[in-house]
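No hydrogens, no waters, no symmetry mates; every other heavy atom, side chains included, goes into these values. For ligands, and for the atoms within them, numbers begin at 1 and follow the listed sequence.
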Amino acid sequence: MKVVGTQKSQIIAGRIAERLNADLAATKFSQFPDGELYVQTGPIDDETIIVGSLVDSDTLVQLLLLIDACEQSRITLVLPYMGYARQDKRFKDGEPISARAIAQSLGFGIDRIITAHVHEPSILGYFGVPATNVSLIPEIKSYIASVGYDNPLILAPDEGAEGFAADIAREGAWEYDYLIKTRLDGEHVRMEPKKLHVESRTVLIVDDIISTGGTLAMATELLRDQGALAVHTVCVHGIFASGAYTLLKNSGIGDVAASDTIETGYSRYSAAEPLTKAIKEC
Ligand code: R5P
């Protein structure tokens with residue numbers, strides 16, 4: 001068995017290879033003068049684990065090329081983060097179901113797919129191969145416990161993420177709630193917990209994805225105004241698009257933690273163990 005990582009997922013690919021006691025295949029990534037991408041892997045075996053978070057268009061092309069390069073092998077595709085999964089419906093006329101388009105193109109040529117906290121698990125059916133979506137809730141719980149927050153209030157940023165917050169809170173026997181957003185006028189919104197009060201509490205906002213950081217920055221400022229002692233966040237996939245680092249820093253947020261599904265300066269805990277377990281079990 002060989003593990004092959006895309007250019008931007010070398011660290012998590014290495015962590016998975018280590019746990020599988022498998023070699024990382026040598027890889028070469030470059031670009032032709034016209035902008036087309038080039039990949040080359042070293043020798044592979046009968047079984048290949050391709051690891052690559054789908055964070056941008058170049059990664060999509062690298063994944064397609066790697067799948068083709070390993071065609072003689074049984075391929076498990078591990079997408080620690082699957083981009084495009086949020087466009088899982090046709091919200092407006094003329095739009096694609098992007099999650100379907102991406103899954104169908106990647107599903108051709110692989111034998112199974114493994115993701116972690118994919119935004120909408122039902123889209124895994126579009127890959128057309130056996131699929132596993134792993135949970136990082138035990139890792140999140142261990143991370144929170146290791147920091148030692150004092151009786152944190154676990155908050156989801158919206159009702160849709162309430163179940164996620166509830167699962168994390170249950171692991172640590174903490175309280176949880178979700179935020180309700182009310183538009184006061186054209187310029188002002190209010191965000192407050194549905195049931196609980198944040199005054200003098202340490203609040204931990206949990207979400208599957210931080211993208212622009214806009215949701216989190218707004219929630220932090222409003223919760224601090226309501227008397228929260230501190231506001232921290234733990235997410236699974238930290239994209240930190242455009243000016244997210246600065247926006248979050250200026251919002252008064254405390255700790256920001258994400259997993260290593262996308263490797264950034266905020267990667268504080270690893271998805272490698274549950275992904276490896278899924279590889280071994282499938
Ligand atoms: C939304 O469905 C996700 O769970 C996140 O809440 C969202 O992606 C966060 O986006 P942003 O960081 O851009 O506010």
Side-chain angles (χ1 to χ4, degrees), residues 53-56 59 79-92 95-100 102-103 115-124 133-137 139-140 144 153-169 176-183 187-194 203-224 231-269 271:
S53 278
L54 185 47
V55 287
D56 53 30
T59 304
L79 295 182
Y81 168 67
M82 181 183 166
Y84 287 94
R86 283 179 285 178
Q87 181 81 18
D88 60 333
K89 296 183 189 67
R90 187 168 283 126
F91 297 96
K92 294 183 199 148
E95 285 183 348
I97 300 174
S98 308
R100 179 179 64 187
I102 299 294
T115 57
H117 286 268
V118 71
H119 188 68
E120 174 43 61
S122 66
I123 64 150
L124 293 178
N133 182 41
V134 306
S135 166
L136 270 58
I137 286 180
E139 282 66 32
I140 295 174
I144 296 172
L153 167 57
I154 310 294
L155 265 188
D158 54 46
E159 193 173 0
E162 186 188 12
F164 180 57
D167 288 345
I168 294 169
Y176 74 94
D177 201 349
Y178 66 91
L179 286 167
I180 300 270
K181 191 169 166 180
T182 319
R183 180 153 293 285
E187 285 175 24
H188 301 96
V189 293
R190 181 171 174 78
M191 278 175 117
E192 60 190 342
K194 170 90 173 145
V203 174
L204 200 55
I205 301 178
V206 294
D207 205 352
D208 61 342
I209 299 169
I210 298 175
S211 181
T212 63
T215 310
L216 201 51
M218 184 190 291
T220 301
E221 284 172 21
L222 295 171
L223 293 170
R224 293 297 303 271
V231 180
H232 307 288
T233 187
V234 183
C235 74
V236 177
H237 310 294
I239 299 173
F240 305 112
S242 99
Y245 283 96
T246 308
L247 186 68
L248 291 173
K249 188 110 191 120
N250 289 343
S251 71
I253 202 161
D255 305 331
V256 178
S259 77
D260 60 356
T261 56
I262 302 171
E263 292 147 14
T264 75
Y266 285 138
S267 297
R268 301 271 187 266
Y269 66 98

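Partners of His232 by ring-ring contact (aromatic ring centres under 6.0 Å, His included), not counting sequence neighbours, listed by chain and number: Tyr149.
In this structure a side-chain-to-backbone donor-acceptor pair under 3.5 Å is present from Ser259 to Thr261. For the pair Asp260 (side chain) and Glu263 (backbone), a donor-acceptor distance under 3.5 Å is absent.
Counting heavy atoms from C-beta on, the side chains of Val236 and Ile140 come closer than 4.5 Å. The shortest side-chain heavy-atom distance between Ile137 and His117 falls under the 4.5 Å cut-off.
Protein residues are said to neighbour a ligand when one of their heavy atoms lies under 4.0 Å from it; for ligand 1 these are Arg86, His119, Asp207, Asp208, Ile209, Ile210, Ser211, Thr212, Gly213, Gly214, Thr215.
Closest non-hydrogen pair, Pro96 versus Gln87, comes out as O-NE2, 3.3 Å.
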